[in-house]
Amino acid sequence: MVGLGAKKPPSRKGSMADVPQDLLAQISRLEELFVVPTEKLKAISDHFVNELSKGLTTEGGSIPMNATWCMGMPDGNETGTFLALDMGGTNLRVCEITLLEAKGEFDIIQSKYKMPEELKTGTADELWGYVADCLQQFIEYHHPDEKIESLPLGFTFSYPATQEYIDHGILQRWTKGFDIDGVEGKDVVPPFEAALAERGVPIKLTALVNDTTGTMIASAYTDPEMKAGCIFGTGCNAAYMENVGSIPKLAHMNLDPDLPMAINCEWGAFDNEHKILPRTPYDIIIDKESPRPDQQAFEKMIAGLYLGEIFRLVVLDLHKTDCKMFDGQDISKLNKPYSLDASFLSAIEEDPFENLSETADLFQNKLSITPNRAELELVRRLAELIGTRAARLSACGVAAIAKKKGWTKCHVGADGSVFNKYPHFKVRGAQALKEILDWPADKGKGKGDPIEVLPAEDGSGVGAALIAALTMKRVAEGQHAGIRDPEAMLKAFGKKK
Ligand code: BGC
């Protein structure tokens, strides 16, 4: 017998012995809802391949497949000093990156500023004013008393944007809970530049970058086998390198068909028309109650912003229905939408004790609820189901890009809190990739797999700086750089053509 407080053995099958029949029935119901078997993964991936292609056509589909005007991978020889700005959900990070002569090396200084929660639903003026204030502070702090003419900036703006040029971007829609009026459908660069100009901040935006593109480029800087970049964090998305000839919606531009073009898939929008993803009633509630219903169907089943909320909705349902979970207890704290985040599920999955005592503490401290033993078993299984589904569905996207491009062997750089911190996410994803792509039995463990999803380099810092560097290089060489006004860009940095 395992004593109280003993470490849990790796297999947990036996633990269900103590679970009463009605909760066991609930667990089976949840497994039915959340387990995605191999055949379904394969069907999702196949549909995904078609949707990726559709997004590249003039007619389009639900996955935006945005051309980013990042036209080439770095070769490690890029040099220069660049600013990088990352407007994330919790923090705003400003970096100054110097790409060094030594291949693939760089120096970085950085400052983080808190992104106030109210900004996410405030006004556009407040948002751009705050961002410009942070940049101003950064320059005043790191370059006091220096006379700076102009610093090139790579701005990581991790939302779907239509780009006709790399130095502009029309926000298609807010995602990840942002809901600021008057920004959607407009170019985000002019108001951002106006806020900088108002404050006399000597910065010139050189490239507006998605975090996935930055991730791919930063990873390729040190690993030539990198072909795509993914983010599994608050949101979820991927970018990969396409060739212009495979992008029918760019045909009118008569570009060289062999020119590489990074595509920001915005795959969070996959299956917005609900044809294939196995949505549960809980996913449907999340969607309906989000600021943007009918958008980001795939993301809402995978991304960190939603994992805790899916869990909360299931538990609440189990409290209200026949099985009366937490019967007689005050569940008021559980009633608050988005009160649990993905780290709550991570902590449950990481509880090493046979009696799930850490999970019990977590419920007590966070929700003032005292679960009984059976309820603890159930919430543990539920966290596993939600976390596993997220990892397995993510693999469908990676497999789809690989299938579309005919890649059988490559590296994919990945970043984001879920990828980096959620227990077993990487290995569950690798296992699912193996099932989808029919790899031999000894594969699917991550390390050494034909398609390996690896922790990425700093995409929104180094990646954004590199993209700015690659853009400036193309401008200086007189190549098509996807920039609005190449002459003005050269002038801003005192360079001649
Ligand atoms: C955004 C993407 C971004 C992803 C990861 C999604 O919500 O639409 O642009 O890449 O989150 O941050």
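Atoms within each ligand, like the ligands themselves, are counted from 1 in listed order. These numbers come from the heavy atoms of this one structure, side chains and all, not from hydrogens, waters or symmetry mates.
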Practice task
Using a strict 4.0 Å threshold on nitrogen-to-oxygen distance, state whether Lys403 and Asp46 make a salt bridge.
Solution key: yes

Completion exercise
Here the ring-ring contact (aromatic ring centres under 6.0 Å, His included) pairs for residues 37-64, sequence neighbours left out, are His47-Phe270, Phe48-Trp267, Phe48-Phe270, Phe48-Phe298

Problem - Glu435 with Lys42: basic N within carboxylate O range, under 4.0 Å - result: no

Problem - Under-4.0 Å salt bridge between Arg199 and Asp133 - result: yes

Handout entry: SB check Glu242 Lys249 (cutoff 4.0 Å)
Key = no

Handout entry: Six-ring centre of Phe344, Lys366 cation under 6.0 angstrom, axis tolerance 45°
Key = no

With the criterion set at N/O pairs under 3.5 Å, what does the list of contacts between the protein and ligand 1 look like, atom names and distances included?
unit_1	atom_1	unit_2	atom_2	d
ligand 1	7 (O)	Thr175	OG1	2.7
ligand 1	7 (O)	Glu299	OE1	2.8
ligand 1	7 (O)	Glu299	OE2	3.0
ligand 1	8 (O)	Thr175	OG1	3.2
ligand 1	8 (O)	Glu266	OE1	2.7
ligand 1	9 (O)	Ser158	O	3.2
ligand 1	9 (O)	Tyr159	N	3.3
ligand 1	9 (O)	Asn210	ND2	2.8
ligand 1	9 (O)	Glu266	OE1	3.4
ligand 1	9 (O)	Glu266	OE2	2.6
ligand 1	10 (O)	Asn210	OD1	3.1
ligand 1	10 (O)	Asp211	OD1	2.5
ligand 1	10 (O)	Asn237	ND2	3.0
ligand 1	11 (O)	Lys176	NZ	3.3
ligand 1	11 (O)	Glu299	OE1	3.4
ligand 1	12 (O)	Lys176	NZ	2.9
ligand 1	12 (O)	Asp211	OD2	2.5

